[in-house]
Structure formats: structure tokens, C-alpha cells
Amino acid sequence: MSKPLDIVILGGGTAGWMAAMALVSFIPRGRCRVRLVESEEIGIVGVGEATLPQIKNFNDSIGVNEAEMMRATKATIKLGIEFVDWGAKGSKYIHPFGVHGPADMAHIFHHRWLRSVLQGGKSGIEDYSFAVQAARHGRFDFPEADSSKIESTYAYAYHFDAGLYSLFLRRLAEQRGATRTEGKVREVVQDPESGDIRSLVLESGETIFGDFFVDCSGFRSLLLDKTLGVGWEDWSKWLVCDRALAVPSENDELTPFTRSTAMEAGWRWRIPLQHRTGNGYVFSSNFIDEDAATDELLRSLETKTLAEPRLLKFQAGRRVVSWEKNCVAIGLSSGFLEPLESTSIYLIQVAALQLLPLLPGNHLDHRLRDEYNRLIDKEYERIRDFLILHYKLNQRDDAEIWRYCAEMEVPDSLSRKIELFRHSAFIERYHGLFSPPSWLSVFIGQGLMPEGYSPFAETMPQDKLDAFLDGLRSEIDDKVQKLPRHDQFIARYCAEAPAESISEEVQL
Ligand code: FAD
């Protein structure tokens with residue numbers, strides 16, 4: 001049997017430990033050895049508190065006990081994101097994790113709803129989303145497994161403490177055989193002929209050799225950028241924010257949703273955790289300076305701050321390729337899209353899981369690399385378009401950033417989607433982020449009402465449709481009222497958590 005592949009991961013943030021967990025959980029020990037190098041002195045970026053429902057699949061597949069993870073990371077439940085003042089000042093909508101209407105009608109429901117609205121119906125699309133109604137009422141329980149029930153039509157994610165999540169994964173990855181080396185990389189040694197990375201030299205003088213390297217070094221991108229010189233694709237003409245101020249404050253209401261409020265030159269997040277509230281202002285330095293942004297953020301907080309605001313600088317975009325030579329970049333080292341839809345941890349998950357089937361054996365084949373890069377590109381571009389949509393479809397004329405965004409040219413791939421929806425409420429369905437209910441929520445939430453709907457919608461007579469919509473709205477209202485309050489759910493569920501977390505079962 002051939003020698004196991006020696007995989008070296010540089011970086012121990014969320015990306016490094018998620019990648020390590022995926023590798024040690026799904027590749028037999030005889031086939032690869034995983035060593036992770038990180039520097040406590042450099043630390044991790046420490047933000048990244050809101051997630052998407054896919055993280056539950058990741059955690060489940062690696063055998064994480066959910067209640068224990070939630071207790072360890074001070075997590076709360078997230079049913080979606082509330083956007084305040086985004087479409088127009090004073091407007092509010094929720095992008096929920098779930099469909100509108102019954103599960104078996106998901107592909108046609110919004111056309112039927114639209115037909116009713118165009119004939120004078122007054123209900124909003126949110127009235128038919130179980131997730132939105134539960135979020136608005138601050139209630140939560142697990143979705144029903146039986147897909148014929150309206151309580152099955154949603155999913156959920158978490159808000160958690162990013163530093164605690166990395167620590168949680170580290171403990172599990174080490175139990176499964178990953179080894180960790182503390183130290184700062186001083187030099188990266190490459191093969192003089194192939195350019196492949198051969199080793200990392202630490203400040204202590206220790207040299208760490210590897211066959212394959214995973215760059216999880218965060219914004220530094222020490223391997224992919226600084227060593228291999230992979231270029232950067234700049235998307236800042238569409239996603240103009242380039243700074244964030246992050247500040248924790250005392251906790252208050254445990255809403256089961258993230259709140260994103262549009263501001264003078266960007267937007268502000270509010271993420272409730274069990275022990276504190278995470279806040280931040282993502283802004284563009286072209287439209288506001290740091291002092292003014294700090295003032296605006298601090299003035300807007302509902303509770304007392306627990307630390308000084310911390311400034312982070314970035315640019316929207318991605319590395320031209322994520323995999324070059326014998327190195328794959330995962331996490332911030334591969335690109336950055338602002339946290340408006342909490343997509344970075346999802347991208348880490350996709351990157352780590354996509355690597356598994358394409359991981360080279362003893363021989364690096366460029367076809368594996370090219371396929372990996374193609375798949376990751378697609379994910380990035382679709383998410384990019386979805387984020388741009390929020391900015392493009394705004395009707396605010398009270399601040400320069402919003403006027404700029406409403407006027408800007410957007411990628412053709414996005415213009416096409418907007419025009420198809422405007423014309424006939426058509427939304428393309430594809431594998432990956434985001435699914436039609438997400439696009440629908442943002443289109444409608446930002447004020448784009450379609451001019452027409454599919455003839456599909458007319459398969460139900462009007463009087464039947466009216467009665468059906470009335471009944472559905474009442475059913476959702478009734479059932480949501482019976483759910484436990486979110487704070488009570490968290491307290492009960494976390495109290496039930498077992499002391500030990502990991503099951504030996506992995507499911508992929
Ligand atoms: P980091 O956490 O920065 O880790 C880098 C690692 O590399 C560290 O361990 C460091 O020690 C190590 N390292 C670097 N250089 C060296 C060296 N020379 N030697 C040794 N070790 C080294 N994502 C979401 O999904 N949801 C959110 O709500 C969200 N909010 C965000 C808000 C902001 C303002 C920002 C900037 C990002 C946000 N993200 C969010 C993104 C999320 O924070 C990151 O995707 C996630 O934390 C992963 O970071 P990382 O592991 O790639 O990098």
C-alpha cells in the first residue's frame with residue numbers, strides 16, 4: 001500500500017479546523033495524515049457568528065452532538081435574516097430559511113400568491129412562510145419530519161461564538177487524529193523545479209514537510225497569494241463595502257434571526273448569542289470615514305458595549321483560482337464576500353467537502369485541480385450576484401452609497417435574473433446557494449413586484465385559491481403560537497446536552 005498523503009493545514013480559524021475535521025472524519029487514517037499549524041500570537045479573525053442551515057448537515061455528518069455544540073459555542077437559533085431599511089427607509093422583510101406555502105407547492109406557490117395580489121389580495125408573501133412567522137413571534141421548535149405538514153417547511157441555522165466554534169472543532173479533530181503545531185511560519189520552501197510547496201519553516205526553526213497544503217491563513221493568504229502569487233479578482237465595483245467595525249454588547253432579546261439594518265454608508269448586523277450580542281457596521285470607506293462610522297455604530301446600539309470596536313479591512317473578490325500547484329486555499333485566504341448573507345462559513349464547508357472526492361493520491365492530476373476550481377468559482381459567482389441584488393434593488397435616495405448602488409451596472413448573470421422575475425416571476429432553480437425562496441424573499445422584500453405570473457397559477461379557480469390562502473394563513477398563525485419561545489427552547493435544549501460530544505458515526 002502507498003504511503004499516506006501528508007496534508008499540512010496552515011491556520012486554525014474556522015476554515016482550518018473545519019477542513020481538518022472533514023479530512024480526519026472522511027479519509028481513512030492510512031490514506032492521509034493531517035497536521036495543522038497555527039499561531040496564537042497572530043490569532044484568528046474572530047468574527048463569523050451567523051451561519052446557514054447547511055452547517056447543521058456538516059455537523060451532523062461529522063457526528064457532532066447539536067445540543068452540546070450549542071452549549072459550547074453559546075449558540076442561538078437563526079431562522080433567517082431581517083432586513084431593515086434596505087428596500088426603502090422604513091421597510092422590513094425577512095429572508096427566511098424555508099419555502100413559502102406548503103412543501104408540495106413550493107415551485108408554484110408564489111405564482112398563485114401573485115395572482116391573488118394582482119387581483120386585489122392584501123396578504124404579503126411573508127404571511128405564508130412558517131419560518132418568517134416563527135421568527136417574528138420569537139418562537140422556535142424543530143421542524144416536523146412529515147413533509148405534508150406546514151411545520152416541516154423550514155430549516156434553521158445558528159448564531160455562535162466563532163472563537164468557541166473553532167475550539168470545539170479543534171478538540172474533536174484532535175480526538176480523531178489531527179495533530180496541531182503551535183508556531184508562526186517564517187518561510188515557505190518550494191520545489192525549485194515544479195514550484196510545489198515542500199515545507200513550512202517555523203520561527204522556532206522547526207520544518208514541517210507535506211505532500212499537500214491547505215492554506216487557511218485568513219486574509220494573509222500566505223501560501224496561495226504570498227507564495228504562489230495567485231492573482232485577485234476584484235469585485236468592489238459591485239460590492240463597495242471595504243471595512244467593518246465589530247463590537248460586542250450586552251445581550252438583550254434572543255431573536256431567532258439576524259438583523260441587518262441599512263445605514264448611512266453600508267449596513268449593521270445584530271447577532272444575538274446566549275451571553276452577548278454581536279454587532280458590526282460593514283461600510284464603504286468611499287462614503288464615510290472611520291470616526292463617523294464608529295459614531296454611527298455606537299449611537300445605534302441597543303445595549304452597553306463590552307469592548308472597543310475593532311476595525312477590519314477587506315476587499316470583495318476572490319483569488320483567480322483556489323487550487324494552485326499542491327495547495328488549496330479555504331476560507332478568507334481564497335476570497336471574501338461581505339457577511340450580508342452569512343455565506344463565508346458555508347463556502348468553507350463547500351470547499352472542504354468538495355476537496356474530499358478530488359483529493360489527489362500520490363500523483364497530482366491537473367484535472368482534479370481544474371474541476372475543483374470550476375466548482376468553487378460557480379459558488380462564488382452565484383453568491384456574489386445574490387449579494388449585489390440587495391444593493392441594486394434599493395429605492396433609497398437619502399445617501400450617496402444607495403444612489404450609487406441603484407444606478408450601478410450589475411453582472412449580466414444578475415440582470416437576466418432580475419428581468420425574468422420582473423417580467424413573469426420566473427426564478428431559476430440550481431444546485432447550490434441560493435434557492436428560489438431566497439431570491440423571492442429579496443426580490444419582493446426590496447420592492448420588485450413582477451408584472452405577470454406563470455399560467456400554472458391558474459390551475460386553481462379563484463374562489464378556491466382565496467379560501468386556500470386564508471386557511472393557510474390561519475393555520476400558520478395558530479401553529480406558530482403553540483411553539484415554545486426561542487429563549488425557553490435554548491435553555492431547555494442546552495441543559496439536555498450530554499457531557500461528551502462526539503459520535504463515532506460519520507455520514508457522507
Ligand atoms: P482566520 O480566522 O483569520 O484564521 C487564520 C489562521 O491562520 C489563524 O489561526 C492564524 O493564526 C493563522 N496564521 C496566519 N498566518 C500565519 C503564520 N504566518 N503562521 C502561523 N499561523 C498563521 N462568515 C460567516 O459565515 N458568517 C458571518 O456572520 C461572518 N461575519 C463576518 C464579519 C466580518 C466583519 C468578517 C471580516 C468576516 C465574517 N465572516 C462571516 C467570515 C468568517 O469570519 C471567516 O470566513 C471565518 O472566520 C474563517 O476565517 P479563516 O479561518 O479563513 O481565517
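Computed from heavy atoms alone, side chains included, the values below leave out hydrogens, waters and symmetry copies. Order of appearance sets the numbers: ligands from 1, and atoms from 1 within every ligand.
Not a single heavy atom of Y346 lies less than 4.0 angstrom from ligand 1. Ligand 1 does not have S166 within reach: every non-hydrogen atom of the residue lies 4.0 Å or more from it.
The residues D225 and R319 are annotated as salt-bridged, a charged nitrogen and a carboxylate oxygen being separated by less than 4.0 angstrom.
The nearest heavy-atom contact from the protein to atom 33 (C) of ligand 1 is V47 CG2, 3.5 Å. Remark: minimum distance from atom 2 (O) of ligand 1 to any protein heavy atom is reached at V45 N, 3.0 Å. In this structure, atom 15 (N) of ligand 1 lies nearest to the protein heavy atom R220 CD, 3.4 Å. Scanning all protein heavy atoms for the shortest distance to atom 39 (N) of ligand 1 gives G48 CA, 3.8 Å. Atom 17 (C) of ligand 1 has I42 CD1, 3.4 Å as its closest protein atom, hydrogens excluded (heavy atom only). For atom 19 (N) of ligand 1, the closest non-hydrogen atom on the protein side is V185 N, 2.9 Å.
Closest to atom 49 (O) of ligand 1 by heavy atom, among V282, L332, T51, is L332. For atom 14 (C) of ligand 1, the candidate residues are G218, S334, S217, G335; the nearest heavy-atom contact is made by S217. Taking all heavy atoms of G331, C216, G278 into account, the minimum distance to atom 6 (C) of ligand 1 is reached by C216. Atom 26 (N) of ligand 1 has its nearest heavy-atom neighbour, among G11, A50, C241, in A50.
A side-chain donor-acceptor contact under 3.5 Å links E338 and W267.
With sequence neighbours excluded, the residues satisfying side-chain contact (heavy atoms from CB on, under 4.5 Å) with T303 are S249, E250, D252. By the ring-ring contact (aromatic ring centres under 6.0 Å, His included) test, F434 pairs with H95, F386, sequence neighbours left out.
Results of the side-chain hydrogen bond (donor to acceptor under 3.5 Å, both in side chains) test with Y158 over K78, E49, E66 single out E66 as the only residue that passes.
Cation-pi geometry between R384 and W235 is met: the NZ or CZ atom falls under 6.0 Å from the ring centre, inside 45° of the normal.
Looking at L222 against ligand 1, only its side chain comes within 4.0 Å, counting heavy atoms.
Near A15, meaning under 4.0 Å from one of its heavy atoms, ligand 1 places the atoms 48 (C), 50 (P), 51 (O), 52 (O). Residue G183 approaches ligand 1 through these ligand atoms, each under 4.0 Å from one of its heavy atoms: 19 (N), 20 (C).
Note: an N/O pair closer than 3.5 Å links G43 and ligand 1 by distance alone.
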